[in-house]
Each structure stands twice: as structure tokens, then as C-alpha cells.
Novice: 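For reference, the structure I am asking about is given below.
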Amino acid sequence: MASEELQPIQGMADLAPPEINLWQRIERSSRLIFERYGFGEIRTPILEKASVFIRSLGDTTDVVQKEMYLFEDRGGRKVAVRPEGTASVIRYVALKGQDAQAARLYYIGPMFRCERPQAGRKRQFHQIGAESIGGDCAAADAEMIAMQVHLLREIGLRDFKINVNTRGLPEDRVAVTTGLRQALEPHIPQLCDDCRRRIDTNILRVLDCKNDGCKAIARTLPTVTSFMSESSRNYLDEVLRLLKLLEIDVNVNPMLIRGLDYYVHTVWEITHPALGSQDALAGGGRYRITISDRTVEGVGFAMGVERLIMAVQQDDPSAAKGDAKNMVWLVSFGQAAFEENLKLMQALRFRGVRCGMDLSGRGMKAQMRAADRSGATAAVIRGDTELNDGTFQLKDMVDGVQVTVAMPELLERLTSKLTIS
Ligand code: HAM
């Protein structure tokens, strides 16, 4: 067992080869799809003024109240390590004003929430997200969900479910809050402590409480949409109609609330059975965020990469292995061959061949072991005889077949398919 000092902080992990190959593949697929839909990348700072998150996410949300890494910097300014990506993107859009109207931005990077770590729940986790800035129209929400489904399929996922609901508009809130409060009144003594508090602070959250008793009560309540205006209900119907037109199956879940306060109209969550109790693979929705007197509206989503990986491993184990990469290992018998191989290694790399060699001057056996460890698919072996003849021993590391070749053939084989026999 390695010393405690060498372990990363609880809930945070090192990401290194070989697992990183799958991460990189997911990131590549995401960039490809985002670009096809006209999204460009944004990289915002990981540290922001705390107010950026407190105002946008809502000061009674769990993320702000319990999970955000919040501290004063050396100058006494309140700062927060970003718990999600939307608020920072909106700060950027508000800062740019007119120049960022109709911006379509995506982000890939680490987020931080001080939650109790468990499978699929980390303190440093990674999101791939996208935000489409602009006016409220159901087609934009449907397009966003369609892009997300496209992306999940591209990554190799099949067995996911999309739950959709509406949060209505701020104008609906009084009616929704009053209606829910009346319906909950007789059940208050049976609610958990958190939910009794939520009745006054954030009543909608009672609907997605994880406590079994609260869940049972929530199931008996009228749906939130029943308290909303007709136009809010029509907006959701239009999103659903367009999704049907695009042949995307969704489940309307009237209990879906989402834990952040900035949402208006459409909200959705994507779940996957590989994830157990933390089954949300991704979440998204339309939002309206006011920051420094500017109100920005948009629609977006974010997917947790750690959870995507758990899901891919179940749905498509071969894709989960990552791309097999061809690699050539150069093996030298004697000092002269070693120096010639050093030159050859650079020449091959300039031509785009992945290659390596043992640099410490060890014997043949150790060099062949290093070749195996590197996962090389081919070895090029040279000693004095080959140097004199101007030839190379080319060995297929998979089936062991070895052939003698001259330089033109070596280059041809290594730079074409890298199959030797
Ligand atoms: P969220 O639902 O809080 O939404 O997070 C989105 C996804 O991030 C979750 O579905 C989950 O996959 C992943 N995630 C969240 N917390 C953790 C954690 N502690 N460990 C591992 N994965 C986690 C948002 O963050 C919104 N900004 C999404 C959005 C974008 N809405 C509109 N635009």
C-alpha cells in the first residue's frame, strides 16, 4: 500500500495512460460533433468570483450551500472553484454583450464539488458541456437534445434514457409555489428535515428528494405543470412535438426538477443503468441568468465524463479499450547500431511513425522486454551485419515473423499499414 502522502486528495484522481486513451477518444468525438453543429470551444478560468455562481445557480441550491469550494484569496476576495460550466460561460457572454449574441460555445474540463465521494461521484470531476445563447424557442431546445443524443451515440452509448420536464417561467413561480405548498400542507409532519426547510426556501426540491418517505408523498402531488400557465405548457408540448419529428424518444417526467435555480421552460436529464444510484449521465435545460444587470437566456447541457466512461464500458466494451496504436521499437546490437538507430528513430518520427528505443544501452534481452512492455507492434533490429549490408531485421511482434529488408521497403512497410508479415 503506497504511503498516504502519495495519494491524490479524496474524491480526486490521476488520469494517465492507458485509461486516458478512452478520455481522449470521448473528447475527440465531442469536438467533432460540436463543430458539426457550429459550436466553438471556450475555456473559462477555473477560479471565479464567488458571486458568479451564487447568483446564477441560486443561493439555496445544494451546490452553493453545501458543495462549492469557497474561500478568500490572499487579497480577501471571495472566490470559488467552479462547480459547473454554465455560469462562467454566461459571465463571458454578458461581458461581451452584443458581440456574443447567438454564441454557440462548448467546454471540456474539470469541475469541483465537495460532495461525499462514491462510485460515479467525485470532488474533481469532468464535464463536457455546450451552451447555445439566444431567444426562447422550442426548436433550439429540441436541437440541443438532438445534438446530445447524436454525441452519445457517436461515443458508443445505446442504453440511455432521456427524461424531460418544464420549469415554466418565473411568472409561473407564485402559482406553482402556492399550489405545491397547499398540496404538501397535510404531509409536512412526514417530510424529512431537509424538505421541511425546503417548503420555505425552495419547495420544488421536495419533488426530487432522495428520501423514500418524501418520494412517496411527492408521487401523490399534482404535477407542477398543472399549476403553470397555458403558454408554458404549450412550450413543452412544442419541444416534445419537434423531438418526435426528429425521431428522438423521450420520457416526460413531471417529477424532474434539476438542482439548479437558473432554469426556465425545458429541463432534461439523461440516465444510464450502468450508473447505479448516481444514474444521471447528463443534465441540461433552458435558463435565464441575470449577472451585473444583464440578462442572458440560452439552452445547454453538461455530461459527466467519469459517468460517460462507466456507461461506455457497459454498452461498448471494445470501444472502451480505446484506439489500438501502432508502435515501432528499435533494437540495437552494439554501439554503432545504437547510434544509427537513434538517427533512424528521429527520421521515422519525422515521417509520422510512433517509435521508441531503449536509451540506456542495455543488452538485447532487456531491449526486447522493453519492446514488449511498450506494446510495440513491430521491432527493427540492427547489429554490425545489418549495418554493413545496409539492411534491417523487421520483426512482427504479434506473430513473431521476421524478415530482412532494405531501407526503401522498411519505410514503405512502416509508414503504410505497419503490418509486417
Ligand atoms: P448538473 O446536473 O449539476 O448540471 O451536472 C451535469 C452532469 O455532471 C451530471 O449529470 C453528472 O454526470 C456530472 N456530475 C455532476 N456532479 C458530479 C460529481 N460530483 N461527480 C461526477 N460527476 C458529476 C450542470 O452542471 C449544468 N451546468 C448543466 C447545464 C448546462 N444546464 C444548462 N447548461
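Note that ligands are numbered from 1 as they come in the structure, with each ligand's atoms numbered from 1 the same way.
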Novice: Tell me, with the steps shown, if H265 and Y287 meet ring-ring contact (aromatic ring centres under 6.0 Å, His included).
Specialist: CA-CA 8 Å; H265 284 315; Y287 46 80; over 10 Å; no
Novice: Of the listed options (Q127, H126, R307), which comes nearest to atom 6 (C) of ligand 1 when hydrogens are ignored and any heavy atom counts?
Specialist: Q127
Novice: Check ligand 1 against Y263 and write out every atom of the ligand that is under 4.0 Å from a heavy-atom position of the residue.
Specialist: 26 (C), 28 (C), 29 (C), 31 (N), 32 (C)
Novice: Considering the heavy atoms of A282, write down every atom of ligand 1 situated less than 4.0 Å from one of them.
Specialist: 10 (O)
Novice: For V305, is the nearest heavy atom under 4.0 Å from an atom of ligand 1?
Specialist: no
Novice: Could you tell me whether Y107 and ligand 1 have an N or O pair separated by under 3.5 Å?
Specialist: no
Novice: Return yes when E306 approaches ligand 1 closer than 4.0 angstrom through a heavy atom, no otherwise.
Specialist: no
Novice: Pick one: which of R82, R91, R77 meets salt bridge (charged side-chain N to carboxylate O under 4.0 Å, His left out) with E48?
Specialist: R91
Novice: Numbering the atoms of ligand 1 from 1, which are under 4.0 Å from a heavy atom of T86?
Specialist: 26 (C), 27 (N), 29 (C), 30 (C), 32 (C), 33 (N)
Novice: Check this for me - ligand 1, G284, N or O atoms closer than 3.5 angstrom, yes or no?
Specialist: no
Novice: Only one of I26, L151, L281 passes side-chain contact (heavy atoms from CB on, under 4.5 Å) with M303; say which it is.
Specialist: L151
Novice: Looking at ligand 1, is there an atom of it that comes within less than 4.0 Å of some heavy atom belonging to G120?
Specialist: yes
Novice: Taking the basic N atoms (NZ, or NE/NH1/NH2) and the acidic carboxylate oxygens, is any pair closer than 4.0 Å for E230 and R233?
Specialist: no
